[in-house]
Amino acid sequence: MALSGLDIYKLLPKTNCKECGVNTCMAFAMKVAAKKAQLSGCPYVSEEGKADFSKTRENQIKQVRFGPGSGVLTGGEKVLYRHEEAFYNKPVISVEVSCKEDINARVKKLLGIKLNILNKEETIDALTVNGEDSSLEDFKKCIEIIYSHKRLPLILKMNREDILDYVIKNLPDDKPLICFDNEDINSYIEKIKESKLPVAAFSEKALQLFIDNGVEDIVIAFTGNYKELDSARKLALKYKKNDLAYPVFVEVHDYLDCASYICRYASIINLPYAEPEFLLSLFNLRDNIYQDPRKPIQVEAKLYEIGNVDASSPVVITTNFSLTYFAVSSEVEASRIPAYLLIVDTGGTSVLSAWASDKINAGKINKALKESGIENKVSHRKMILPGYIYPVKEELDEVSGWESLIGPKEAKDLGLYLKSIQSKV
Ligand code: SF4
């Protein structure tokens with residue numbers, strides 16, 4: 001669990017000497033709690049205090065990465081509740097396919113699901129290949145078919161030794177998550193350990209065996225109920241029960257179940273099926289829960305094209321606060337005037353806040369203009385600024401060589417404004 005500002009304050013000498021650069025020990029403690037300063041910034045913390053602090057920092061769910069290339073990262077959580085700090089690695093959503101079915105069409109359909117969430121394309125993160133009781137030949141064929149579509153992270157369910165051998169020998173670089181559900185796990189522990197592949201533990205005995213043998217990347221295949229998972233996370237983080245501090249793999253029966261486990265602590269969720277309309281809700285829910293509460297929601301700062309733009313289309317400037325982006329882009333869309341929307345990175349703050357904190361200024365807008373490539377896309381050199389930042393015009397025109405047009409202060413007036421200047425751009 002993350003330490004609160006008050007907990008950190010108790011470790012400090014409370015002399016308010018200001019050597020750390022802030023006026024009081026309490027203010028420094030709050031900065032450390034918010035991860036805006038390091039405890040080492042105070043030279044007077046006792047060795048005991050440092051040890052207590054680092055012990056707490058070490059206490060987190062272990063991180064496990066699986067899949068080809070950078071794959072997917074799971075676990076790594078440090079807190080029970082998001083408001084204590086943030087949740088870091090979104091639950092991996094995997095969909096199960098069976099080696100016994102004709103999977104070509106199914107895999108194609110699943111991998112074809114592409115959902116747009118806050119301008120980011122979201123897809124299924126992984127596939128779970130159920131090779132339990134399959135022949136080795138069927139299993140191999142299944143993997144080949146999947147990889148003929150896409151090399152994505154795989155969770156491999158199996159219970160036969162020949163399949164385990166095949167995976168260890170042939171797929172080490174793809175780093176699949178091995179779910180080897182076999183009572184006789186003792187006989188296979190050496191192979192699993194040597195393979196260095198991530199592995200799911202299906203029983204307490206298997207988990208202990210993996211830990212005792214130094215297997216590094218362990219995931220707990222959780223078969224208990226929702227309340228038990230809640231307790232396990234509490235034990236791992238609050239009471240430092242390290243043998244529970246591993247990412248958790250949960251197999252769910254329906255979307256509602258999946259939503260519950262997104263809200264509470266599953267690291268990898270296996271769905272039996274997937275339809276885009278339900279995944280859209282689940283991905284949105286996941287994004288909301290895993291949004292860092294310390295950072296404003298933002299969109300990617302880049303050049304967006306709205307409608308069928310051409311060289312004469314207007315160029316509208318705004319910030320990357322997501323509400324601002326959506327307000328402005330929807331007004332441009334509604335105006336039916338194709339336009340370029342150049343989003344300046346202001347750390348996710350709105351126009352006025354960005355202006356007040358110097359996160360939008362002539363230099364930053366000019367940099368965004370130059371880096372976006374807009375100068376090769378339009379034949380004119382006029383940009384529309386949000387009305388609130390009109391004082392930037394003179395300097396901006398000088399450094400950029402463009403002419404700034406002062407647009408409306410509110411996004412709702414942008415459509416009318418675009419119509420009014422149509423002939424001027
Ligand atoms: Fe307090 Fe340490 Fe900062 Fe001095 S340096 S004000 S003792 S936190």
Side-chain angles (χ1 to χ4, degrees), residues 1-65 73-90 230 232-247 264-265 267 288-298 301 319-322 344-361 363-364 367:
M1 295 250 295
L3 289 181
S4 68
L6 210 55
D7 293 328
I8 296 165
Y9 180 65
K10 287 178 191 159
L11 306 174
L12 301 173
K14 307 172 191 70
T15 55
N16 300 332
C17 71
K18 302 188 179 64
E19 279 186 48
C20 54
V22 289
N23 286 341
T24 63
C25 293
M26 178 52 98
F28 179 71
M30 300 309 284
K31 275 182 96 173
V32 176
K35 304 253 169 46
K36 290 179 179 160
Q38 302 280 331
L39 189 70
S40 56
C42 169
Y44 304 111
V45 184
S46 67
E47 287 309 314
E48 200 187 346
K50 281 181 199 161
D52 280 0
F53 182 77
S54 66
K55 233 193 258 165
T56 315
R57 304 314 281 177
E58 278 163 17
N59 186 37
Q60 68 175 65
I61 305 290
K62 305 218 170 28
Q63 292 200 107
V64 172
R65 188 183 292 281
L73 192 58
T74 184
E77 306 305 337
K78 299 172 185 171
V79 290
L80 266 180
Y81 304 109
R82 193 186 69 154
H83 64 262
E84 294 175 323
E85 187 176 311
F87 291 162
Y88 289 99
N89 293 313
K90 295 180 200 176
D230 207 59
R233 174 89 157 218
K234 225 170 252 170
L235 284 170
L237 290 182
K238 196 168 174 187
Y239 300 103
K240 303 182 184 179
K241 202 164 166 12
N242 286 336
D243 53 0
L244 287 176
Y246 293 97
R264 279 295 167 93
Y265 309 148
S267 318
N288 278 313
I289 305 267
Y290 281 74
Q291 165 68 31
D292 188 336
R294 298 163 304 177
K295 292 183 192 160
I297 304 175
Q298 47 194 280
T319 75
N320 70 333
F321 177 43
S322 63
V344 180
D345 185 358
T346 58
T349 49
S350 63
V351 172
L352 258 186
S353 308
W355 175 244
S357 55
D358 201 30
K359 287 179 178 159
I360 193 163
N361 53 36
K364 287 190 178 168
K367 186 167 176 267

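Counting starts at 1 for both ligands and their atoms, in listed order. Source: prediction; values computed, not measured.
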Without swapping roles, check the side chain of S267 against the backbone of G75 for a donor-acceptor pair under 3.5 Å.
-> no
Does the side chain of [X] reach to within under 4.5 Å of the side chain of [Y], using non-hydrogen atoms?
| X | Y | value |
| --- | --- | --- |
| Y88 | K78 | yes |
| V351 | T346 | no |
| L6 | M26 | yes |

Does atom NZ of K367 have more than 12 heavy-atom neighbours, drawn from other residues, nucleotides or ligands, at distances under 6.0 Å?
->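 No, NZ of K367 has 12 or fewer neighbouring heavy atoms, counting only those of other groups under 6.0 Å.
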Take atom 1 (Fe) of ligand 1 as the centre and count protein N, O or S atoms at distances under 2.8 Å.
->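 There are 1 of them.
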Parallel, tilted or perpendicular: which fits the ring planes of F87 and Y290, with parallel below 30° and perpendicular above 60°?
-> tilted
